[in-house]
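This report concerns only the one structure given below.
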Amino acid sequence: GTPASMSRFRGALVAAVLGDCVGGEFEGAEEVPMETVLQHLNGLEDETKGNCVLEYSDDTAMTRCVVQSLLNRSGYDQQDLARRFAKEYSASPGRGYGSGVIQVLKKLASPQLVDVYQPARDQFNGRGSFGNGGAMRAAPFALAFPNLPDVKRFACLGAMLTHSCSLGYNGAVLQAMAVHLSLQGALCLPQQFISRLITEMEEVEGEEEALRDARILKEAEKPFCERLHRVRDLMDRNKVSIEEVISELGNGIAALHSVPTAIFCVLHCLQPRDYLPESYGGLERTIAYSLALGGDTDTIACMAGAIAGAHYGVEAVPQRWMRCCEGAEDADMNAARLHALYHQTSQGS
Ligand code: F2R
Ligand code: MG
Ligand code: MG
């Protein structure tokens, strides 16, 4: 499709919901044989099952807040977004939120709160969260703002409402950039795509706070850049086992152990793989592969889904999968509205 086409917007938002809903089945599982993944996905195709409903989790619940806020405020409004997060949590607390972020969401509900970023700063004895909760909801920033500096800035601020550690919010910046580039068609040249992400993250992780957090947490000097180099090395290899991907990139709840992994899933599944059905297109391959990694499957599949959906477009989304996933229809409608906002903003700038 053409860069930033409506189909790419719809693909990104719908496939993120699909990844979350189908990935929920395996979240936290240590080992997930591909056979089990394929059985789960085949079950969605079974017409005799009627309208199966896979519920979305916190990943989609918070993404929906971001989408609604961006649309209603025609851009980023920290007060509005914070209020929506708090309201959503209080209405549906059982969506599988991280155990730390719940404290932030409760504090954000207080009418006395002056600085909406403060509850996030207080997390983990003032160190802030490095979880992937900022990254899992970052895709809409790439769908609302046409310019990369805006995408980076607002994805960062939007994540900082709950994640004040740079290893948390920079994961969101990386995820939003990956969706932004994919929307432009950059995945047609995978080597250039990964190189561009590394170049951008070099600058992002050169910030004083990022360097300090990496030192405190005893990570590489620029942790996301280091992981992206590993992604590039794995991409260059003909064969790579699931175990190697997990040991090199991770499959955990930290943004550092899941955002580069999601990017790798998309890149790895650009070509057919002999352990995945021939009938699968790239989007189905990406989601199936993300699930087979185990660990934080709903979130890795949600993030990989957003990047892959922006590349393949909505036509690549299997209708039967979509029918089974709570919130997929809404995502489809909202994607069209974000498409309008994006093009309105690009004409105004
Ligand atoms: N939470 C889950 N899944 C597990 C439980 C599901 C649920 N109880 C159920 O059974 O239904 N999934 C969701 O959480 C992830 C996103 O989490 P988020 O929003 O980043 O939360 P939080 O609490 O800020 O961070 C997650 C955990 O990471 C560790 N952590 C983070 N920062 C830390 C720090 N500075 N020091 C030490 N540990 C830190 C903590 O263990 C946090 O609880 C997604 O997977 C989403 O799907
Ligand atoms: Mg979740
Ligand atoms: Mg998760």
Side-chain angles (χ1 to χ4, degrees), residues 9 12-14 16-17 20-21 55-123 128-129 131-145 150-151 153-164 168-169 171-173 175-176 179 255 298-299 302-303 306 326-342 345:
F9 278 69
L13 221 50
V14 171
V17 176
D20 178 20
C21 291
E55 289 182 359
Y56 62 73
S57 77
D58 57 333
D59 306 50
T60 302
M62 296 192 92
T63 302
R64 286 161 64 98
C65 294
V66 176
V67 168
Q68 291 298 346
S69 183
L70 290 169
L71 288 172
N72 276 283
R73 307 299 302 153
S74 301
Y76 180 67
D77 178 334
Q78 59 205 31
Q79 303 288 343
D80 182 75
L81 184 53
R83 194 180 48 79
R84 284 175 193 273
F85 284 157
K87 210 173 157 198
E88 169 59 35
Y89 173 71
S90 132
S92 280
R95 295 272 187 194
Y97 286 85
S99 53
V101 78
I102 290 171
Q103 308 311 315
V104 180
L105 298 172
K106 286 179 179 165
K107 290 183 193 171
L108 288 178
S110 164
Q112 276 87 44
L113 187 70
V114 178
D115 179 357
V116 287
Y117 296 104
Q118 192 55 44
R121 287 190 208 108
D122 295 339
Q123 289 295 90
S129 172
N132 55 20
M136 74 190 183
R137 59 177 196 252
F141 293 104
L143 306 179
F145 300 103
D150 288 340
V151 173
R153 178 163 165 243
F154 295 123
C156 182
L157 288 169
M160 286 169 88
L161 288 169
T162 49
H163 291 68
S164 75
Y169 62 72
V173 173
Q175 167 66 9
V179 177
D298 67 331
T299 305
C302 171
M303 296 189 295
E326 182 195 12
E329 288 287 343
D330 276 0
D332 199 7
M333 282 187 295
N334 284 330
R337 296 177 65 203
L338 281 171
H339 179 259
L341 177 65
Y342 177 105
T345 316

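Numbers here simply count residues along the sequence, with the first being 1. All figures in this text were calculated on a predicted structure; none of them were measured in a lab.
Atoms CG and CG, from L70 and L143 in turn, are 9.0 Å apart once rounded to the nearest 0.5 Å. Separating the CD atom in Q118 from the CG atom in L161 is a distance of 12.5 Å, to the nearest 0.5 Å. Between L341 atom CG and F145 atom CZ the span is 7.0 Å, to the nearest 0.5 Å. A distance of 4.5 Å separates NZ of K106 from OH of Y89, quoted to the nearest 0.5 Å. For the atom pair F85 CZ and T162 OG1, the distance stands at 6.0 Å (nearest 0.5 Å). In this structure, CG in L13 is found 13.0 Å from NE2 in H339, a value given to the nearest 0.5 Å.
Side-chain N or O atoms of D59 include none that pairs as donor or acceptor with a backbone N or O of D20 at under 3.5 Å.
Taking each heavy atom of E326 and E55 in turn, the nearest pair found is OE1-CA, 3.3 Å. Between G131 and S129, the shortest heavy-atom distance links the atoms N-OG, 3.0 Å. Heavy atoms only, all atoms of each residue included: A176 and A155 are closest at CB-CB, 3.6 Å. Across A255 and G171, no two heavy atoms sit closer than the pair CB-CA, 4.1 Å. The minimum heavy-atom distance between G98 and D58, with the atom names listed, is N-OD2, 4.1 Å. For the residue pair A138 and A172, the shortest heavy atom distance occurs at CB-O, 3.5 Å.
For Y97, the side-chain hydrogen bond (donor to acceptor under 3.5 Å, both in side chains) criterion is met by no residue, not counting sequence neighbours. Residues satisfying the side-chain contact (heavy atoms from CB on, under 4.5 Å) test with Q123, not counting sequence neighbours, are Q103, V104. By the side-chain hydrogen bond (donor to acceptor under 3.5 Å, both in side chains) test, S69 is found to be paired with D80, residues two or more places apart in sequence or in another chain being considered. Residues that satisfy the side-chain contact (heavy atoms from CB on, under 4.5 Å) test with K87, not counting sequence neighbours, are R83. Scanning for salt bridge (Lys or Arg N to Asp or Glu O under 4.0 Å) contacts around R121 gives D115, with sequence neighbours left out. Considering only residues two or more places apart in sequence or on other chains, S92 meets the side-chain contact (heavy atoms from CB on, under 4.5 Å) condition with E88, R95.
Using a 4.5 Å heavy-atom threshold, the side chains of L338 and L71 count as touching. By the 4.5 Å heavy-atom criterion applied to side chains, N132 and H163 are not counted as neighbours. When side chains are defined from C-beta on, M136 does not count as touching T63, because their heavy atoms never get closer than 4.5 Å. The side-chain heavy atoms of R137 and L81, taken from C-beta on, include no pair separated by under 4.5 Å.
Aromatic ring pairs are classed by plane angle as parallel below 30°, tilted from 30° to 60° and perpendicular above 60°; the pair Y342 and F9 is perpendicular.
Residue E329 places its CD atom among 12 or fewer non-hydrogen atoms of other residues, nucleotides or ligands, all under 6.0 Å distant.
There is a side-chain donor-acceptor pair under 3.5 Å between R64 and Y56.
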Practice task
Verify side chain to side chain contact (heavy atoms under 4.5 Å, CB included) between M62 and L105, making sure each step is shown before the conclusion.
Solution key: CA-CA 11 Å; M62 296 192 92; L105 298 172; 4.0 Å; yes

